[in-house]
Amino acid sequence: MQLLKAIQNNARLHPERLVFISPAKQMTYGELWQKSEQWAAFILALNLKKHSPILVYGHMEPEMLISFLGSVKAGHPYIPVDTSIPLERVEKMIHNSQTEFFINVSGLELTIESSVRTVTFEEMDKQLAASIDSFNWVKENENFYIIYTSGSTGNPKGVQISANNLQSFVDWMLEDFPIEGGLRFLNQAPFSFDLSVMDLYPALASGGTLFAITKEIIAKPKILFEALKKSKTQVWTSTPSFVQMCLMDPSFNSELLPELSVFLFCGEILPVSVCQQLRERFPMARIFNTYGPTEATVAVTFSEITDKVLKEYQTLPVGVAKSDTQIILLNEENMPVSEEEKGEIIIVGPSVSKGYFGQPELTTKAFFNYNGQQAYRTGDAGFIKEGLLYYKGRLDFQIKLHGYRMELEEIEYHIGKSKFVNSAVVVPIYQDERIEYLSVLIIPAEHPFEKEYQLTSAIKKELGLILPAYMIPRKFSYHKELPMTPNGKVDRKQISEKVFV
Ligand code: AMP
């Protein structure tokens, strides 16, 4: 596989070059390559079921990268799982993926109920040095990684990304963006979000260095800014939400990051005001808006946001597709729409996933074959004007909150399962066209609590066991009834429009 070959080449040419810097540790290309060989030998000796996924649990430690490469060198895809994901949800992933092997990089003591062999990286490290034949590597249409995203039925769904999918993405990044060899990349997104792939593999393939900003750093602005200064970042990858947070501090400018030359954004609407501020504070840096879902490998369209674009457009385009990919817009009858007409964005090309792991029904709903190529229905609305794609919101109840993707129905499903709840509806609360927080309206069941806040904390406690903190609504309110549509469904529109949320 070209990507692994490129990493191997970088390790041969610059074994002493740093590949990953995290607050407590750093690692060179030589160490990454050699240790991942060692760990791959350990995995091969386990004789796991062919191509079965390996779950890698941790935050932003160098051992995460060693585990990823160790897995794929041994012919197994990995499932990156951040420590912010509660264990009950992790068990669901193990169950769905039929994972037999779990690498615990986190250093946390875990009680896993599913039957899966768990090892820590210290145990893996005891394996003697080895050299793995590239014959064993994950290749072509085999899965390279599986990333779990929120699913509307209450269970997360695993997006399978093959070696070919990832190669198509990395080739595009290195061809169409100003990413030359040896640059310093910011690694802001934890590895369980596919935004992290936007810095991880372009950096590894081009001999770059990743600088990790952990959740502990992000939580403290003073430490975050010290870390940013130290990072000497040249390529910035983040959600617009994260850069917006940084912009609140006036010292976020080219004095702090004098070498910053490229901003790459993905995952959410990129506001004009954010780009205007970035142009003022980082006049030498180029800004790119990219668009795409996890199901099509991180991103598939791009548009450079220049001063000219900022003057001309009130809504920024997400741009043009990478050269191997086609974007088509279909109406409700599955017919192509005409220029400037709104339709569902369909992505066709070699970076589109084969589907959701072990979920044939969900896969058939969202993926199909289009003229011999894999195609994905994004559920995003868009239109094309003068050759540029524009994003126009969602066609369903998937949302982005502070950069995190989630299905409102999944949250409702879990709240609805609480014994204190009869029914629940979750609505996003907007401020300046951006979702600020989630509010849940509940018809309570019988419960022993005197005060509403006690009921809220009991429900929140239950939710904390199954949902990551970012999916738990901020505001809870209790009602005798909720407005209904004539066909008997909860009327979300009416609820969102009313002030009582
Ligand atoms: P994820 O799978 O987490 O990358 O989320 C994919 C979804 O994020 C897409 O289907 C869009 O709804 C949204 N999204 C991604 N990029 C952009 C963008 N540049 N502008 C607006 N929305 C975006």
Side-chain angles (χ1 to χ4, degrees), residues 80 82 84-85 145-152 156-161 165-166 169 177 188-200 237-244 263-272 274-275 287-305 309 313-322 325 327 329 342-347 351-353 355-356 362 366-367 375-383 388-408 410 428 433-435 468 470-471:
D82 190 64
S84 59
I85 314 286
Y145 65 77
I146 299 172
I147 282 187
Y148 276 82
T149 70
S150 175
S152 55
K157 48 190 188 198
V159 181
Q160 308 175 77
I161 298 300
N165 293 153
L166 182 59
F169 170 71
F177 294 85
Q188 176 258 318
F191 296 115
S192 47
F193 302 102
D194 89 325
L195 183 61
S196 65
V197 174
M198 192 173 248
D199 45 81
L200 176 57
T237 309
S238 81
T239 55
S241 290
F242 183 72
V243 90
Q244 219 161 353
F263 282 103
L264 302 174
F265 294 112
C266 190
E268 289 171 303
I269 293 171
L270 179 61
V272 169
V274 165
C275 295
I287 305 171
F288 293 89
N289 186 15
T290 73
Y291 157 86
T294 306
E295 286 86 342
T297 321
V298 193
V300 291
T301 75
F302 72 126
S303 146
E304 182 167 2
I305 310 301
V309 170
Y313 298 85
Q314 262 143 22
T315 303
L316 298 175
V318 294
V320 292
K322 61 195 177 81
T325 296
I327 298 286
L329 294 169
K342 199 168 117 174
E344 180 176 17
I345 303 175
I346 313 291
I347 303 171
S351 61
V352 175
S353 156
Y356 303 114
L362 285 184
F367 296 87
Y376 173 64
R377 292 178 212 279
T378 60
D380 289 325
F383 66 91
L388 297 178
L389 178 67
Y390 289 81
Y391 171 82
K392 283 295 284 175
R394 291 289 304 175
L395 297 164
D396 59 9
F397 303 117
Q398 182 183 300
I399 57 143
K400 279 287 169 96
L401 173 62
H402 306 312
Y404 295 110
R405 166 174 162 176
M406 59 194 85
E407 300 274 356
L408 296 178
E410 181 177 5
E433 291 175 45
R434 188 167 173 262
I435 300 176
Y470 56 79
M471 286 177 80

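This chain uses plain numbering: 1 for the first residue, then up along the sequence. All ligand and atom numbering here is 1-based and tracks the order in the structure.
- Listed by chain and number, D194, G267, E268, I269, N289, T290, Y291, G292, P293, T294, V318, D380, Y391, R394, K400, R405 each place a non-hydrogen atom less than 4.0 angstrom from ligand 1.
- Not counting sequence neighbours, the partners of S241 by the side chain to side chain donor-acceptor pair (under 3.5 Å) test are E268, R434.
- In terms of the salt bridge (Lys or Arg N to Asp or Glu O under 4.0 Å) criterion, D82 has no residue partners (sequence neighbours excluded).
- Aromatic ring centroids of F302 and Y291 lie 6.0 Å or more apart.
- Checked against side chain to side chain donor-acceptor pair (under 3.5 Å), E344 has no partners two or more places apart in sequence or in another chain.
- Y356 carries K157 over the face of its six-membered ring, with the cationic atom under 6.0 Å from the centre and within 45° of the normal.
- Atom NZ of K392 has 12 or fewer heavy atoms from other residues, nucleotides or ligands within 6.0 Å.
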